[in-house]
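To start, the structure itself, in structure tokens.
Only a predicted model underlies this, so the values are computations on that prediction, with no experimental measurement involved.
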Amino acid sequence: MGKIKVETCEIEGLKIITPAVFGDERGYFMETYNYNDYKTAGIDMEFVQDNQSSSKKGVLRGLHFQINYPQDKLVRVVSGEVYDVAVDLRPGSKTFGKWHGVLLSAENKKQFFIPKNFAHGFVVLSDYAEFAYKCTDFYHPNDEGGLKWNDPDIGVKWPMPKGMEEKDLIISEKDHKWGGIQAYRDNK
């Protein structure tokens, strides 16, 4: 049982995973994670922490990363719908500063694997969303880093939740203060 479909994108290391879903008149069953299937797909990680957050429509979280204790992440949506984004921050990468976005929802059940040294964020498109993710290192509160979510040098094309404009997005004070990718590059 299990088995997953794995898609790659133009940024090496990012993977979009679609699990096998077995449904009938009672509902459905799926494995959200199976070490053997993921290892076969090239995701041979030891996840040490699971996190879950809830957010309402228009919440934008990100773009976040840990500086000295980077994490691989396997993210998915349990309820609702988000647009999830990863930005390549790997030193020497030919796609440094490039981004990739994926629509994740409870309906499509897709997962997004984001390797170490990527910034990560999402915007909630549904009325409410529950977002779950596995990490390969523990959260270190004094190790937070971030990039400005709307940095023109990165150019993420965030979809707006229905009936909302950019000015309506709900963004933490901390996320408003991050610098852009040029400042990040200059500080490296």
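Within the 4.5 Å cutoff, the side chain of L104 has heavy atoms near those of the V75 side chain. Considering only heavy atoms from C-beta on, K56 comes within 4.5 Å of I170 through its side chain. Annotation: side chain of V6 is not in contact with side chain of T18 (no heavy-atom distance under 4.5 Å). A heavy-atom distance below 4.5 Å is found between the side chains of F96 and R185. Under the 4.5 Å side-chain criterion, counting only non-hydrogen atoms from C-beta, S79 is in contact with Y128. At least one side-chain heavy atom of L103 sits less than 4.5 Å from a side-chain heavy atom of L125. For the pair V85 and F122, the minimum side-chain heavy-atom distance is 4.5 Å or more. In this structure, the side chains of F118 and V87 stay at 4.5 Å or more apart for every pair of heavy atoms.
Heavy atoms of other residues, nucleotides or ligands lying less than 6.0 angstrom from NZ of K157 number 12 at most. Surrounding OH of Y69 are at most 12 heavy atoms belonging to other residues, nucleotides or ligands under 6.0 Å away. Dense packing is recorded around CD of Q49, with more than 12 heavy atoms of other residues, nucleotides or ligands lying under 6.0 Å away.
Closest approach of E31 and P19 over heavy atoms only: O-CB, 3.8 Å. Of all heavy-atom pairs between N150 and E166, the closest is ND2-OE2, 3.9 Å. Residues S126 and G80 come closest through the heavy atom pair OG-CA, 3.3 Å. The two residues Y139 and Q66 have their closest heavy-atom pair at CA-OE1, 3.2 Å. Shortest non-hydrogen contact noted between A86 and I114 is CB-CG2, 3.9 Å. Here the shortest heavy-atom pairing between A129 and V124 reads CB-CG1, 3.7 Å.
Side-chain contact annotation: Q52 with D50, donor-acceptor N/O pair under 3.5 Å absent. A donor-acceptor contact closer than 3.5 angstrom is absent between the side chains of E81 and Y83. Remark: the R61 side chain and the S55 side chain contain an N/O donor-acceptor pair separated by less than 3.5 Å. Side-chain polar atoms of D175 and H64 form a donor-acceptor pair below 3.5 angstrom. Checking D44 against Y35 by side-chain atom types alone, a donor-acceptor pair falls below 3.5 Å.
Cluster annotation: V77 and M160 are assigned to distinct hydrophobic clusters (Ile/Leu/Val/Met/Phe/Trp/Tyr, side-chain heavy-atom contacts under 4.5 Å, transitive). Hydrophobic clustering (side-chain heavy atoms under 4.5 Å, transitive across Ile, Leu, Val, Met, Phe, Trp, Tyr) keeps L63 apart from L14. Cluster membership check: L74 does not share its hydrophobic cluster with F65, using side-chain heavy-atom separations under 4.5 Å among Ile, Leu, Val, Met, Phe, Trp and Tyr. Cluster annotation: M164 is not connected to V156 through the hydrophobic network of ILVMFWY side chains, with a link wherever side-chain heavy atoms come within less than 4.5 Å. Grouping the Ile, Leu, Val, Met, Phe, Trp and Tyr side chains by contacts below 4.5 angstrom, directly or via other members, places W99 with L147.
To the nearest 0.5 Å, the span separating CD on E46 from CG on D137 amounts to 10.5 Å. Here the CD1-CG distance, from I67 to D143, works out to 5.5 Å after rounding to the nearest 0.5 Å. Remark: Q182 CD to I154 CD1 distance equals 10.5 Å, nearest 0.5 Å. One distance of note links CD1 of I171 with NZ of K177; it measures 14.0 Å at 0.5 Å rounding. From N51, atom CG reaches atom NZ of K134 across 10.0 Å, with rounding to the nearest 0.5 Å. Taking CE of M45 as the start and CD of Q71 as the end, the distance is 12.5 Å to the nearest 0.5 Å.
With Y28 as the aromatic partner, K109 meets the cation-pi criteria of under 6.0 angstrom to the ring centre and within 45 degrees of the ring axis.
Salt-bridge check for R90 with E12: failed, with every basic side-chain N at 4.0 Å or more from each acidic carboxylate O. Salt-bridge check for E10 with K98: failed, with every basic side-chain N at 4.0 Å or more from each acidic carboxylate O.
Put simply, the side chain of D37 never gets that close to the backbone of N34: no donor and acceptor are under 3.5 Å apart. Judged by distance alone, the side chain of K57 and the main-chain N or O of K162 form a donor-acceptor pair under 3.5 Å.
Each of F113, Y38, Y133 was evaluated against Y33; a single residue qualifies, Y38, per the ring pair (Phe, Tyr, Trp, His ring centres under 6.0 Å) test.
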Fill in: Verdict with supporting geometry, D88 and H100, side-chain hydrogen bond (donor to acceptor under 3.5 Å, both in side chains)
CA-CA 9 Å; D88 189 352; H100 186 79; over 6 Å; no
| request: Apply the test side chain to side chain contact (heavy atoms under 4.5 Å, CB included) to residues K73 and H120: give CA-CA distance (whole Å), side-chain angles for both, the deciding distance (0.1 Å), then the verdict. | output: CA-CA 9 Å; K73 293 179 181 176; H120 171 254; 4.0 Å; yes
(Q) The test is side chain to side chain contact (heavy atoms under 4.5 Å, CB included); show your working for L169 and W149 and say whether it passes. (A) CA-CA 11 Å; L169 293 175; W149 67 275; 3.8 Å; yes
